[in-house]
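These notes are about the structure you will find just below.
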Amino acid sequence: MKPTPSDFPTKRTPLSSPLKGNALTTDIIAKSLLIGVTFVLVLLLTLTLASCGGSSSGGGTTPTTQASTSGGGSGSGTTPTASPGIGLGTQPCPDAVKATAYWDSIIPAQNGVTRVEKVTCGNLIGNPTLQALVMVRYQGTGATLDVYVFNNITSPNPSQLLKLQNLYKGDAKISGYNSILTAEVDQNSSINAGKNNASLTQDLFREFKWSDGAGTLVPVSFPGIYPDLTRFQAENDQAQVNLGQTPWKLNAAMVASHMAADPHLLKWPGSAPTTLVSGGGSSDTDAVVTVKNPAAGGGTLKVSLQRLEGNTNGGIWEVVAVTSDGMSITSPQNRDRLTSPVKVAGTGNAFEGVIGKVAVMDHLYQDIGHANATGVMGNGNTTFSSNVTYNSTFKGGSQEGIVVLYAENNAAGGSPATAVMLKELLS
């Protein structure tokens with residue numbers, strides 16, 4: 001803003017009047033300074049507002065945030081959180097691609113051999129676009145399933161993101177976590193080996209989720225240890241509990257107690273005392289429970305649990321961590337991907353060199369490989385490192401399992417004094 005002539009006097013004061021002339025000159029200078037300062041302040045304010053407006057508008061672009069997961073405590077990942085524009089779970093397919101017949105030529109299906117059984121859609125790659133899960137069933141014994149996931153699904157040539165073949169008596173679905181869940185029969189597992197086709201049980205469950213780094217869907221692990229090792233089983237369990245079955249899964253302390261008593265895990269008495277340390281209420285998503293081994297020399301487990309999908313409206317509890325004072329597994333880390341042999345290191349209390357046993361458990365909680373945990377010192381608190389070779393009955397990829405450090409019960413023998421458990425992905 002420039003000063004106008006009206007801001008200044010139109011008549012000069014004669015020099016012969018020094019006192020009056022000096023006062024007027026001073027007044028003119030003051031007004032000029034005020035106008036100059038005002039001009040500078042207005043200019044700075046305008047520039048500041050322009051700068052703020054530019055940063056908030058982002059040049060007219062809107063960043064897209066990928067779907068994320070959150071979960072309190074250890075083993076995060078049980079609570080899905082969708083970004084704007086991204087729905088959780090199955091979403092309606094576009095009309096043009098929702099019919100199974102549309103995919104016959106894309107797969108392609110073989111007349112009399114295979115058929116496209118089902119098509120479902122979801123936001124599987126972390127943005128608002130839809131992807132298609134296409135299930136192709138083989139006719140004949142075993143009802144083998146092939147699973148495909150496609151992107152750019154309305155294009156004449158959709159791009160293939162995932163292909164899984166030969167899932168015996170297989171099934172697949174999109175989870176509430178925007179991952180792909182598959183189910184099949186492990187014909188060599190402890191519950192299926194040697195049985196005829198009609199007696200086989202679907203027992204192997206896997207999960208695949210989008211990875212920005214890999215640019216595809218990759219195997220991932222569910223954080224749960226018990227009562228469900230996989231998300232497929234957990235979602236099925238939740239559906240059964242919603243129908244009034246196995247209500248103990250709605251009680252954090254009872255879930256911890258069942259885990260300690262499970263014959264595949266600790267074999268502690270079902271009456272082992274439990275204490276709810278924190279959480280576990282109807283409005284809580286997390287809980288911590290201790291379970292005390294009542295046998296002589298028995299220890300205490302600290303069991304951390306989370307509700308499935310963070311659901312406080314009847315969500316079941318899942319064990320996500322099992323620890324015990326005075327012992328730990330420092331390697332591998334929770335939810336690593338392991339290959340055989342695996343080096344397991346940690347700490348524990350040794351007696352005559354023996355801390356206990358390290359075991360790798362498969363998708364049925366079966367011991368598929370173990371080794372002694374021997375301390376570097378003969379007695380007292382010490383460290384150990386053991387190489388464990390394991391042999392998985394499933395040869396078609398990875399499976400979910402756990403690594404357990406069992407503490408030797410030197411006083412009573414029998415079941416372990418206590419334990420530490422980690423969830424792992426076994427290859």
Side-chain angles (χ1 to χ4, degrees), residues 71-78 221-229 251-262 264-268 272-280 284-295 297-307 317-336 338 342-351 354-361 365 367 370 373 375 380-386 388 400-410 415-425:
S74 58
S76 63
T78 61
S221 62
F222 175 61
I225 292 174
Y226 189 90
D228 303 297
L229 268 177
N251 184 297
M254 292 184 70
V255 170
S257 177
H258 274 75
M259 183 204 69
D262 193 294
H264 296 102
L265 295 174
L266 292 169
K267 305 177 186 177
W268 289 4
T274 60
T275 301
L276 183 62
V277 177
S278 64
D284 292 318
T285 58
D286 297 84
V288 175
V289 177
T290 58
V291 186
K292 176 72 172 69
N293 184 350
T300 299
L301 297 175
K302 180 181 178 182
V303 183
S304 299
L305 306 96
Q306 292 181 349
R307 286 193 189 270
W317 289 101
E318 297 285 345
V319 173
V320 295
V322 179
T323 59
S324 187
D325 288 343
M327 58 189 303
S328 67
I329 298 175
T330 56
S331 178
Q333 299 300 302
N334 195 46
R335 299 173 70 186
D336 276 352
L338 309 183
V342 58
K343 180 180 179 180
V344 181
T347 63
N349 188 34
F351 178 72
V354 178
I355 293 173
K357 181 179 77 172
V358 176
V360 177
M361 317 286 277
Y365 301 112
D367 183 339
H370 59 265
N381 294 327
T382 185
T383 60
F384 73 91
S385 179
S386 303
V388 183
E400 300 194 46
I402 56 177
V403 172
V404 187
L405 169 61
Y406 291 111
E408 190 87 5
N409 191 335
N410 299 306
S415 61
T418 189
V420 172
M421 302 181 188
L422 294 182
K423 182 65 180 288
E424 304 294 355
L425 194 60

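Side-chain atoms are counted along with the backbone in the values below, which use heavy atoms only and exclude waters and symmetry mates. Remember, predicted model here, so these are calculated numbers, not experimental data.
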List for me each residue that meets side-chain hydrogen bond (donor to acceptor under 3.5 Å, both in side chains) alongside [X], sequence neighbours excluded, and say none if there are none.
X	value
Ser328	Thr347
Tyr406	none
Ser386	none

Only residue of Val322, Asn334, Val403 satisfying side chain to side chain contact (heavy atoms under 4.5 Å, CB included) with Met421 is Val322
Listed partners of [X] passing side chain to side chain contact (heavy atoms under 4.5 Å, CB included), at least two apart:
X	result
Thr275	Thr290
Ala261	none
Asn251	Ala253, Met254
Asp367	Lys357, Ala359, Met361, His370

Rounding to 0.5 Å, atoms CD1 (Ile355) and CG (Asn349) come to a distance of 8.0 Å
N/O donor-acceptor pair under 3.5 Å between [X] side chain and [Y] backbone:
X	Y	value
Thr323	Val420	no
Ser304	Val320	no
Lys423	Phe222	yes

Set out, in order, the CA-CA distance, both residues' side-chain angles and the distance that settles side-chain contact (heavy atoms from CB on, under 4.5 Å) for Asn293 and Thr418, then state yes or no.
CA-CA 7 Å; Asn293 184 350; Thr418 189; over 6 Å; no
| message | Let's go through Val344 and Leu405 carefully: what are the C-alpha distance in whole Å and the side-chain angles of both, what is the deciding distance for side-chain contact (heavy atoms from CB on, under 4.5 Å) to 0.1 Å, and is it a yes or a no? | response | CA-CA 9 Å; Val344 181; Leu405 169 61; over 6 Å; no
Closest non-hydrogen atoms of Gly326 and Asn381, given as atom of the first, atom of the second and distance, are O-OD1, 4.4 Å
Side chains of Val358 and Phe384, heavy atoms from C-beta outward: is any pair under 4.5 Å? yes
Taken in chain and number order and not counting sequence neighbours, the residues that satisfy salt bridge (Lys or Arg N to Asp or Glu O under 4.0 Å) with Glu424 are none
- Message: Would Val288 and Ser278 count as a side-chain contact (heavy atoms from CB on, under 4.5 Å) here? Give the steps.
- Response: CA-CA 5 Å; Val288 175; Ser278 64; 3.5 Å; yes
